[in-house]
Amino acid sequence: MLRLIAMFACFASLAACGGAPVQEMSDARQAIAAARVAGASERAPADLDAAQAAIARAETHLQAQEYTRARIAALEAKHRASVALQNSERANGTAEATH
C-alpha cells in the first residue's frame, strides 16, 4: 500500500514535466530486459506481461506526444518489471532450495 501511495505521489510530481520521457522509457526497457534474462518469462510471466503491456502503452502515448501519460506508463512498466525480476529470483531460489 505504501508503494502505491509513493508511486502516485511520484506521478503527481511528474505531471508538471513537459518533455518526452526518454530516460524513463530507457529505464523501463532495461528493467524488462533484466527481468527476461532472470527468467521472468517462465517464473513470473504475469508480472512480465504487465510490464510489457505498460511499456506498450507508454510507446503509444509517446507516439501521440502525450508525454505525461507516456512517463507514467513507463514508470509503471519499470515498477512491474522490477516486481517480475524479484518474483523470478524468489522462484529461482525456491527451485534451487528444493534440489
- Interatomic distance, CZ@R90 vs CG@L85, rounded to 0.5 Å, equals 10.0 Å
- Task: Check P45 against E42 and note the closest heavy-atom contact, atom names and distance.
- Result: CD-O, 3.9 Å
- Is the backbone of A44 close enough, under 3.5 Å, to the side chain of S88 for a donor and an acceptor to pair up by distance? no
- State whether the side chain of S26 and the backbone N or O of V22 hold a donor-acceptor pair below 3.5 Å, judged by distance alone. no
- Message: Holding to side chain to side chain contact (heavy atoms under 4.5 Å, CB included), I want the full list of residues that pass it with L48, two or more places apart in sequence or in another chain.
- Response: I32, A35, R36, A40, S41, Q52, A84
- What distance separates R43 CZ from N87 CG, expressed to the nearest 0.5 Å? 12.0 Å
- Pairs flagged by salt bridge (Lys or Arg N to Asp or Glu O under 4.0 Å) wherever residues 46-58 is involved - sequence neighbours left out: R57-E76
- Item | R29/E24 under side-chain contact (heavy atoms from CB on, under 4.5 Å): CA gap, chis, key distance, verdict | CA-CA 9 Å; R29 287 184 186 108; E24 291 87 348; over 6 Å; no
- Query: Does a side-chain heavy-atom distance below 4.5 Å link L62 with M25?
  - Reply: yes
- State whether the side chain of R71 and the backbone N or O of G19 hold a donor-acceptor pair below 3.5 Å, judged by distance alone. yes
- How many angstroms lie between CD in Q30 and NZ in K78, if you round to the nearest 0.5 Å? 9.0 Å
